[in-house]
Amino acid sequence: MDKKKNSSVNNREFAVIAYCFIGLFLCCMGYFVYFQAVKSEDFINNSYNARQENFEKSVIRGKIFSADGETLAETKVDGEGKETRNYPYANVFSHIVGYSTKDHGRSGIEAWANFNLLRSNAFFLEKTMDKVKEEKSIGDNVYTTLDATLQDAAYRALGGYEGAVAVMEPATGKILAMASKPDFDPNSISENWERIVADENSESALLNRASQGLYPPGSTFKVVTALEYIRQKPKEYQNYAYSCSGTIQENNSKLSCFSGEVHGTVDLKRSFVKSCNTSFANMGLHLEADQMKKTCEGLLFNTALPVEKLETSKSSFVLNKASSTSEVMETSIGQGKTLVTPLHMLMITSAVANNGVLMKPYVISSTENHDGGTVKTYEPKEYGTVMTEEEAGILQEYMRETVTSGTASKLNGASYEAYGKTGSAEFGTNKGDSHAWFIGYAHREDKPDIAVAVIVEKAGIGSAVAVPAAKQVLDAYYR
């Protein structure tokens, strides 16, 4: 009996040890698969990884294309084998496509897709012959979601102003255009590097304002305040009424409508359409600040945006139940300490357009070898539902009315149906200095809807400057 008992104990111990080893093996294999599928590109793309130099020695960097087949970046090789990275559109795509240099690294898609561009999936016999002849293989090409015509329109729409324009397809998350000014010519980035870095505005020139620039949202934030009022006052919002006299004072805090305009008696929709500051400040005073903060964080304030690869800044919202009356009033109209990126406002707008569902923005659609064979494709991904379909429908109605009879009326009567919200965001210490904002989207049966966000720095009124800029982009898309 003792021998049998000891044998049974030994078998159990052996089984435990065996299962532990099997478990460890499966964990190692699982991590290996995860690393290969998810993390390997990030690891290889790391600028400190010496393997990149080996890739560059054996592969000619691939091309970057727009969705409509335009070459955005390519490597030219002269008779002596010298390679030069060329950007046919120069400044137009400078921030989103970026640059690739030996001395100053990479930015934009050139950085995010570095692994793809330095990897060759050419036919193995071709690669074998390249090695035999001691020639470089041709790297894979990257196809983006960017529309060259739309990007050019976005870039030109900014004119001589500093600012940004970003365009997205709400139903898929495809980034169709992303322009930022001031800009630079990636063809001469190495030659001009010292001057750019020495320039007091160097950070501005290299900064992608669309995804990294932080601004007070101004009246575009009224989309959020209106949403919160609807949520907190589900039975009262339809009967909301406020008499605007041009100013509102609560305790020692005073706030005015833009240029002291008097809007008279307004309901929630007319408050939105006419962008009545005093009415929205009044709404804010009747909202629970902690609940509003929760809504804002559900709309991705105070958190990293779910955008793969693209460098983004984190928007901020700091209102809480301890906030002062002045802070509540200012925050309700998009002033105070609230800061957002144009990309973030574009995402909120896209969620409204997409009936409450937010898609993750992305800019790389596929990679192919130089013969056109598909290597990898990237599909649209849903982030989640950030507002109900009913809530989105109400905001759609308000944004449509803003175009037909409100501050975005310059978009009325176009060949497409436009929806929008304007904004004039005050900044600095000089009263009256403001950035011009517009967020909106457009619909026409023959093409997918597109959403657009425009910020024009130090340009004043959104309806006067940002709306015409957005119209140039929408007209180009629906031409």
Side-chain angles (χ1 to χ4, degrees), residues 64 72-73 85-101 103-112 146 148 150-167 175-218 310-313 339-346 363 423-428 430 433-438 452-462 464-466 468-470 472-473 476:
I64 299 175
L72 307 182
R85 197 65 170 164
N86 179 58
Y87 302 90
Y89 281 83
N91 302 52
V92 176
F93 287 87
S94 58
H95 293 92
I96 187 65
V97 170
Y99 57 82
S100 176
T101 67
D103 298 324
H104 308 296
R106 304 173 185 87
S107 70
I109 295 170
E110 289 277 37
W112 320 324
L146 300 168
L150 209 55
Q151 177 74 19
D152 186 65
Y155 180 82
R156 293 178 183 280
L158 286 169
Y161 285 105
E162 296 181 358
V165 177
V167 186
I175 294 175
L176 305 181
M178 186 173 281
S180 177
K181 288 186 178 182
D183 52 71
F184 57 90
D185 185 350
N187 291 300
S188 57
I189 190 76
S190 292
E191 296 90 327
N192 295 324
W193 187 264
E194 294 302 324
R195 178 183 59 78
I196 292 173
V197 171
D199 186 357
E200 62 180 9
N201 291 319
S202 62
E203 184 180 353
S204 297
L206 296 175
L207 184 76
N208 184 348
R209 280 162 152 70
S211 63
Q212 295 174 291
L214 287 168
Y215 304 90
L310 186 64
E311 295 96 344
T312 62
S313 295
L339 295 173
V340 297
T341 62
L343 175 61
H344 190 181
M345 292 309 300
L346 176 67
V363 73
S424 302
E426 295 184 355
F427 67 94
N430 294 327
D433 288 347
S434 61
H435 302 313
W437 270 100
F438 174 80
V452 59
V454 177
I455 177 81
V456 188
E457 295 183 13
K458 305 174 185 177
I461 306 172
V465 182
Q472 288 186 52
V473 174

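These numbers come from the heavy atoms of this one structure, side chains and all, not from hydrogens, waters or symmetry mates. The model shown is predicted, which means the values in this text are computed figures rather than measured ones.
Ring pair Tyr215/His435 is perpendicular by interplanar angle, where above 60° counts as perpendicular and below 30° as parallel.
Side-chain contact between Asp185 and Asn192: absent, with no pair of heavy atoms (C-beta onward) separated by less than 4.5 Å. Side-chain contact between Tyr99 and Ser188 is absent, with no heavy atoms from C-beta onward closer than 4.5 Å. Side chains of Thr341 and Leu214 form a contact here, defined as non-hydrogen atoms less than 4.5 Å apart. Contact of the Trp193 side chain with the Thr101 side chain is not registered, since no non-hydrogen atoms from C-beta on lie closer than 4.5 Å. Looking at Gln151 and Ile96, their side chains come closer than 4.5 Å, going by heavy atoms from C-beta outward. A heavy-atom distance below 4.5 Å is found between the side chains of Ile175 and Leu310. Contact annotation: the side chain of Asn208 approaches that of Met178 to within less than 4.5 Å [non-hydrogen atoms, C-beta and beyond]. Side-chain contact check for Pro216 versus Glu426: every heavy-atom pair is 4.5 Å or farther apart.
Every pair tested for salt bridge (Lys or Arg N to Asp or Glu O under 4.0 Å) that includes a residue from residues 86-97 fails, sequence neighbours excluded, so the list is empty.
Side chain of Thr312 to backbone of Gln212: no donor-acceptor contact under 3.5 angstrom is found. In this structure, the side chain of Asp433 does not engage the main chain of Phe427 through any donor-acceptor pair within 3.5 Å. Listed for the Ser211 side chain is a donor-acceptor partner under 3.5 Å among the backbone atoms of Glu311. Counting only distance, with no hydrogens or angles, the side chain of Ser313 and the backbone of Gly213 share no donor-acceptor pair below 3.5 Å. A donor-acceptor pair is defined here as one N or O able to donate and one able to accept, closer than 3.5 Å; no such pair exists between the side chain of His95 and the backbone of Ala179.
Relative to the six-membered ring of Tyr161, Lys181 misses at least one condition, a distance below 6.0 Å or an angle of at most 45° to the axis.
In this structure, the separation between CD1 on Ile109 and OG on Ser100 is 13.0 Å, given to the nearest 0.5 Å. Between atom OG of residue Ser107 and atom CH2 of residue Trp112 there is a gap of 8.0 Å, rounded to the nearest 0.5 Å. Expressed to the nearest 0.5 Å, how far CG of Asp152 lies from CG of Leu146 amounts to 12.5 Å.
Residues Ala164 and Pro342 share a closest heavy-atom pair of CB-CG, 4.4 Å. The heavy-atom pair separating Pro217 from Val340 by the smallest distance is CB-CG2, 3.7 Å. In terms of heavy atoms, Val456 sits closest to Ala466 at CG2-CA, 4.3 Å. Taking all atoms of both residues into account, the shortest heavy-atom contact from Val473 to Ala154 is CG2-CA, 3.7 Å. Residues Leu176 and Leu150 come closest through the heavy atom pair CB-CD2, 3.7 Å. Summarising the geometry of Ala210 relative to Ala166, their closest heavy-atom pair is CB-CB, 4.4 Å, with the distance given to 0.1 Å.
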Stepwise side-chain contact (heavy atoms from CB on, under 4.5 Å) test for Leu206 and Ile189: CA-CA 10 Å; Leu206 296 175; Ile189 190 76; 4.3 Å; yes

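Ion pair Lys458/Glu162 not flagged as a salt bridge, since none of the NZ, NE, NH1 or NH2 atoms sits closer than 4.0 Å to an Asp/Glu carboxylate oxygen.
For Ser94, the side chain to side chain contact (heavy atoms under 4.5 Å, CB included) test picks out Asp183, Phe184, Pro186, with sequence neighbours left out. Under the rule for a ring-ring contact (aromatic ring centres under 6.0 Å, His included), the partners of Phe93 that lie at least two apart in sequence or sit in another chain are Tyr89.
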